[in-house]
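Notes to accompany the following structure.
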Number of protein chains: 2
Amino acid sequence: MPQADRALRKDAALNRERLLEAARELFAERGLSVTLNDIAHHAGVGVGTAYRRFSNKEEVIDALFEDQLVQLAAVAEECLAAPEAWAGLVSFLERSLEWQFGNLGLNELMNDASLGDERVADARRRIAPLIEQLVQRARDEGVVRPDLDQSDLIFVQLGLSAIMRASREIAPDLYRRYLSLFLDGIRAHRSGASILPAPALSAADTHRAMTRARAR
Amino acid sequence: MPQADRALRKDAALNRERLLEAARELFAERGLSVTLNDIAHHAGVGVGTAYRRFSNKEEVIDALFEDQLVQLAAVAEECLAAPEAWAGLVSFLERSLEWQFGNLGLNELMNDASLGDERVADARRRIAPLIEQLVQRARDEGVVRPDLDQSDLIFVQLGLSAIMRASREIAPDLYRRYLSLFLDGIRAHRSGASILPAPALSAADTHRAMTRARAR
DNA sequence: CCACAACCGGATATTCCTGATCCGGTTGCG
DNA sequence: CGCAACCGGATCAGGAATATCCGGTTGTGG
């Protein structure tokens with residue numbers, strides 16, 4: 001009878017690492033819909049091996065993303081410590097979205113709480129109050145409109161995510177344009193308009209982006 | 001041998017109407033992913049009957065939505081004729097989104113050009129230049145920021161759609177709040193901030209909305 | 001160095017969906 | 001009244017995702 005918590009045999013341990021690495025890559029590129037079979041092949045390993053190490057996909061997601069969400073919480077705290085509330089708020093949105101841009105899986109995880117398991121939900125709960133504070137502080141300093149709510153940041157990220165997914169391959173930083181527009185909308189006062197960080201898409205590119213909006 | 005374009009037998013004609021009506025309802029409620037089988041059952045009709053009338057789902061979509069897109073084009077023209085460019089622009093966005101709110105299928109059709117067939121694509125192409133004109137006129141009157149582009153309206157609708165879908169059951173008009181924020185972002189000048197038409201969601205409701213974001 | 005538990009790979013089974021056809025029985029209509 | 005047109009739903013085809021099984025291989029403790 002094998003010892004219960006016996007260390008993996010070294011070939012097994014190596015394969016486990018390969019699987020996690022492959023999963024990291026595939027989730028980032030193609031989102032959470034990839035299969036354990038996909039991951040196995042991308043890792044150059046048999047499907048059986050994948051199922052021996054992880055009983056299902058949830059377990060892999062869990063292993064990979066929990067600490068990513070924790071890191072995001074760290075970013076939020078960092079932004080909360082910024083000297084000016086406005087700069088902190090902007091920086092948080094920028095970095096959060098940038099992160100989600102580079103990692104489709106993380107994006108899906110953040111915008112659909114039905115995915116991932118309890119541990120991921122915990123991390124999410126840890127981030128929520130930080131966002132609340134970011135907004136509160138900006139309101140106190142009078143740099144954002146007084147009716148701005150914490151939930152606004154959540155929903156705006158949801159909207160920007162949709163834009164990002166549609167345009168990511170055609171104009172990777174188009175979403176920044178709309179983030180900028182949103183920021184101009186939540187400022188307490190502005191006389192002119194800020195300079196938008198990305199040019200608008202041509203009609204043809206717009207059509208291309210919309211055509212593959214939901215393609216998988 | 002039956003006459004080529006012979007009128008349907010009256011029971012057949014009745015069933016065809018029932019099918020179209022059922023399709024209208026289901027597409028509006030549950031989007032374009034519903035099955036011809038679903039539609040048949042909802043119409044109280046056998047699956048075979050459905051396939052006898054329409055060779056596939058595309059054909060039903062085509063029959064139902066082409067004129068909806070045409071009507072939307074009419075709305076755009078109407079807004080183009082408004083005395084003030086700003087009011088026209090706002091009105092167009094409001095009405096377009098309102099329409100999409102009441103009809104999930106139309107929403108999907110507008111935000112994913114890969115769906116629907118050629119005739120629907122035509123209708124879409126007819127709307128594009130009208131949007132261009134709406135934006136052009138607003139720029140000419142100096143009421144919107146000069147760097148606003150026609151494609152911005154498209155992408156913003158895409159983003160607002162995502163918000164709408166997430167919150168539609170919990171707070172049906174939450175999306176208006178974000179439309180308002182966006183409008184404040186594209187105005188040429190504003191001193192204070194407009195009054196938002198819908199209150200923000202509580203933290204609990206926000207979580208509920210995100211949880212069922214992609215649920216089907 | 002040897003025996004065996006642990007491990008490997010991938011063919012294969014299972015489940016679930018969607019799309020589409022077939023066919024025995026029924027019905028409107030000329 | 002007779003039959004072409006129609007009806008309903010059981011049924012088949014195809015595909016995707018999940019999960020298991022098993023004959024062959026390999027690392028490791030004794």
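Because the structure is a prediction, the values reported are computed rather than measured. To find a chain, count down the sequence lines: A is the first, B the second, and so on, and within it residues start at 1.
- For the pair A:T35 and D:dT18, the criterion of a side-chain N or O lying under 4.0 Å from OP1 or OP2 is met.
- Between C:dG19, D:dT18, C:dC7, one nucleotide has an atom nearer to the side chain of A:K57 than all others, and that is D:dT18.
- A donor N or O paired with an acceptor N or O is not found under 3.5 Å between the base of D:dT28 and the side-chain atoms of A:R9.
- For the residue pair B:Q100 and B:S96, a side-chain donor N or O sits within less than 3.5 Å of a side-chain acceptor on the partner.
- At least one side-chain nitrogen or oxygen of B:N15 sits closer than 4.0 Å to the OP1 or OP2 atom of D:dC7.
- If you measure from atom CG of B:N56 to atom P of D:dA13, you get 21 Å, rounded to the nearest angstrom.
- The side chain of B:R52 lies closest to D:dG8 when the candidates are D:dG8, D:dG27, D:dT18.
- Inspection of the B:T49 and B:N15 side chains reveals no N or O donor paired with an N or O acceptor under 3.5 Å.
- For the pair B:L14 CG and C:dG28 P, the computed distance is 11 Å after rounding to whole Å.
- Applying side chain to side chain contact (heavy atoms under 4.5 Å, CB included) to B:L19 and the options B:V60, B:I39, B:L14 leaves one that passes, B:I39.
- Straight-line distance from the NE2 atom of B:H41 to the P atom of C:dT18: 13 Å, rounded to whole Å.
- Distance OH (B:Y51) to P (D:dC6): 19 Å, rounded to an integer number of Å.
- Nearer the 5' end of DNA chain D, as judged by each residue's closest nucleotide, is the contact made by B:A12, out of B:A12 and B:N37.
- One can place CD of B:E58 at 15 Å from C1' of C:dT18, the figure rounded to the nearest angstrom.
- Annotation: of the two residues near DNA chain C, B:K10 and A:R53, the 5′-most nearest-nucleotide partner is A:R53.
- To the nearest angstrom, P of C:dC7 lies 13 Å from CG of A:L19.
- Within the 4.0 Å cut-off from OP1 or OP2 of D:dC6, not a single side-chain nitrogen or oxygen of B:T49 is found.
- B:D152 and A:Y178 form a side-chain donor-acceptor contact under 3.5 Å, judged by distance and modelled atom types alone.
- Aromatic ring centroids of A:F27 and A:F65 lie under 6.0 Å apart.
- Atom P of nucleotide D:dT26 and atom CG of A:D11 are separated by 10 Å, given to the nearest angstrom.
- D:dC7 atom C1' lies 18 Å from atom CD of B:E17, rounded to whole Å.
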